[in-house]
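As the structure is a computational prediction, the values presented were derived from the model and not from experiment.
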Amino acid sequence: MLRNYSNSRTLGDNIRLGTLTAFTAGTINIASLLIFLSFTSNVTGHYAILAAEISKGNWSQVAVVGAWIFLFFFGSFVSNFIVINFNKKSKYFAHSMPIVLEIICLLFVGIYGQFYYQKTLEETEYLVALMLFATGLQNGLTASISNFSVKTTHLTGTTTDLGILFSMFTKKKYRKSGELIARAKLLTSIMAAYVLGAVFSGLTYYYLEFRVFYVISLCLLIVIGYDAYKIHIRHFNTRYRYSRIYKKPNMLASLYDKIHGIPKRKEKRTLVFDE
């Protein structure tokens with residue numbers, strides 16, 4: 001999900017990344033709506049509020065809402081900054097670091113809300129700001145590494161693109177386009193995952209309350225852990241196979257044999273290059 005970059009990503013990579021992060025975005029958005037009466041996975045509504053507060057001359061609220069919008073922007077900026085500056089050193093590190101920062105933000109909201117939150121206006125404004133920064137990190141990362149194919153914190157563009165695609169599918173020549181079908185599959189999976197996350201948050205919030213942010217963090221850990229597992233297991237297996245074929249033992253192969261045991265064979269087999 002995180003290892004591949006830009007045009008080297010497959011449809012499966014984008015669907016896995018899109019569904020998991022869209023699920024978390026839907027969960028975050030409904031949880032923040034129920035707790036803080038504010039959406040935090042997108043800033044479309046906040047721009048409308050900003051304009052309304054400017055027209056009223058309510059400059060204190062203009063500053064607050066302007067700061068919220070900036071933090072969403074800044075989260076996206078930080079994500080792409082990390083990706084483009086650390087991508088050559090380690091793609092996995094560069095792509096996972098924004099998610100780690102998002103997890104830290106969400107865990108802080110969950111812990112603070114569970115143990116310290118007094119429901120004051122100032123606390124609410126700060127926590128909403130932190131959540132907007134977190135979702136900006138997520139949206140910036142998914143868009144950056146997928147060449148802008150995956151955006152998961154809001155569905156405005158997704159719904160528009162699906163409408164366009166389905167209108168194109170009324171013509172036979174477009175229904176045969178693998179690229180358009182793949183795009184439709186990706187967008188539909190993102191939409192379904194977002195709605196599922198929102199429903200999950202609405203059903204479980206009254207039982208979990210601020211602990212719902214721990215569940216969201218767990219989902220994001222799965223995103224990080226999936227690639228870590230694939231990277232290390234693939235490396236382990238490659239080293240092990242190299243040792244078994246060329247009869248050059250290494251530490252990983254020895255560890256594998258100790259854990260799983262050396263398979264018993266009735267007769268010794270020889271390889272072509274042993275002769």
Nearest 0.5 Å please: distance from the NE2 atom of His154 over to the NZ atom of Lys151. 6.0 Å
Are the side chains of Asn42 and Asn29 in touch, meaning some heavy atoms are under 4.5 Å apart? yes
Find out whether Ile69 and Leu50 are in side-chain contact, i.e. whether some heavy atom of one side chain is under 4.5 Å from a heavy atom of the other. yes
Phe72 and Phe133 aromatic centres sub-6.0 Å: no
What distance separates Ile224 CD1 from Cys219 SG, expressed to the nearest 0.5 Å? 12.0 Å
Kindly work out whether a path of hydrophobic side-chain contacts (I/L/V/M/F/W/Y, heavy atoms less than 4.5 Å apart) joins Ile190 to Phe39. no
For Ser60 and Asn58, run side-chain contact (heavy atoms from CB on, under 4.5 Å): C-alpha distance rounded to whole Å, both residues' side-chain angles, the deciding distance at 0.1 Å, then the answer. CA-CA 6 Å; Ser60 61; Asn58 193 351; 3.2 Å; yes
Asn14 and Ser146: which non-hydrogen atoms are nearest, and at how many Å? OD1-CB, 3.7 Å
Between Ser32 (side chain) and Ser38 (backbone), is there a donor-acceptor pair under 3.5 Å? yes
Side chain of Ser201, backbone of Ala31: donor and acceptor closer than 3.5 Å? yes
Rounded to the nearest 0.5 Å, what separation is found between the CG atom of Leu141 and the OG1 atom of Thr153? 11.5 Å
Just wondering, do Leu180 and Arg175 contact through their side chains at under 4.5 Å, heavy atoms? no
Between Thr152 and Thr24, is any pair of side-chain heavy atoms under 4.5 Å apart? no
I need the Leu137 CG to Phe74 CZ distance, nearest 0.5 Å. 9.0 Å
Evaluate the criterion side chain to side chain donor-acceptor pair (under 3.5 Å) for residue pair Ser76 and Asn139; output intermediate values, then yes/no. CA-CA 6 Å; Ser76 182; Asn139 206 43; over 6 Å; no
Is the shortest heavy-atom distance from the side chain of Phe36 to the side chain of Met131 under 4.5 Å? yes
Given Phe200 and Val215, is the side-chain contact (heavy atoms from CB on, under 4.5 Å) satisfied, shown in steps? CA-CA 11 Å; Phe200 170 81; Val215 177; 3.8 Å; yes
Nearest heavy atoms of Ser189 and Leu186, plus distance in Å: OG-O, 2.7 Å
Would you say that more than 12 heavy atoms from the other residues, nucleotides or ligands in this model lie under 6.0 Å from the OH of Tyr205, or not? yes
Can you name the closest pair of heavy atoms from Gly202 and Leu34 and give their distance? CA-CD1, 4.2 Å
Where Thr19 and Arg16 come nearest, the two heavy atoms and their spacing: OG1-O, 3.2 Å
Is there a path of hydrophobic side-chain contacts, each under 4.5 Å between heavy atoms of I, L, V, M, F, W or Y residues, that connects Ile15 with Leu155? yes
Check whether Val64 and Ile54 end up in the same hydrophobic cluster, where Ile, Leu, Val, Met, Phe, Trp and Tyr are linked by side-chain heavy atoms less than 4.5 Å apart. yes
Side-chain hydrophobic cluster, 4.5 Å single linkage: members besides Tyr126: none
Between atom CD1 of Ile222 and atom CD1 of Ile99, what is the distance when rounded to the nearest 0.5 Å? 11.5 Å
Over all heavy atoms of both residues, which pair between Val83 and Ala94 is shortest? Give the atoms and the distance, please. CG2-O, 3.9 Å
Examine the side chains of Tyr194 and Ser41 and answer whether a donor and an acceptor come within less than 3.5 Å of each other. yes
When the side chains of residues 106-116 are checked against the rest of the protein, which donor-acceptor pairs come out under 3.5 Å, sequence neighbours left out?
| residue | atom | partner | partner atom | Å |
| --- | --- | --- | --- | --- |
| Tyr112 | OH | Glu123 | OE2 | 2.6 |
| Gln114 | OE1 | Tyr214 | OH | 2.6 |

Heavy-atom pair of closest approach, residues Leu17 and Ile145: CD2-CD1, 3.7 Å
Taking C-beta and beyond as the side chain, do Leu130 and Cys105 meet within less than 4.5 Å on heavy atoms? yes
Could you tabulate the donor-acceptor pairs under 3.5 Å formed by side-chain atoms of residues 160-169, not counting sequence neighbours?
| residue | atom | partner | partner atom | Å |
| --- | --- | --- | --- | --- |
| Thr160 | OG1 | Thr156 | O | 2.9 |
| Asp161 | OD2 | Arg183 | NH2 | 3.3 |
| Ser167 | OG | Ile164 | O | 2.6 |

Does some side-chain heavy atom of Asn87 sit less than 4.5 Å from a side-chain heavy atom of His95? yes
Taking a hydrophobic cluster as the set of Ile, Leu, Val, Met, Phe, Trp and Tyr residues connected by side-chain heavy atoms closer than 4.5 Å, whether directly or through intermediates, do Tyr47 and Val62 fall within one such cluster? yes
Measuring from Gln138:CD to Leu20:CG, what's the distance to the nearest 0.5 Å? 10.0 Å
Check the hydrophobic clustering (I, L, V, M, F, W, Y; side-chain heavy atoms under 4.5 Å; chains of links allowed) and say if Leu127 and Ile103 are grouped together. yes
What I'd like to find out is whether the side chain of Ile35 reaches to under 4.5 Å of the side chain of Phe213, using heavy atoms alone. yes
Which residue in the set Phe70, Phe73, Trp68 passes ring-ring contact (aromatic ring centres under 6.0 Å, His included) when paired with His46? Trp68
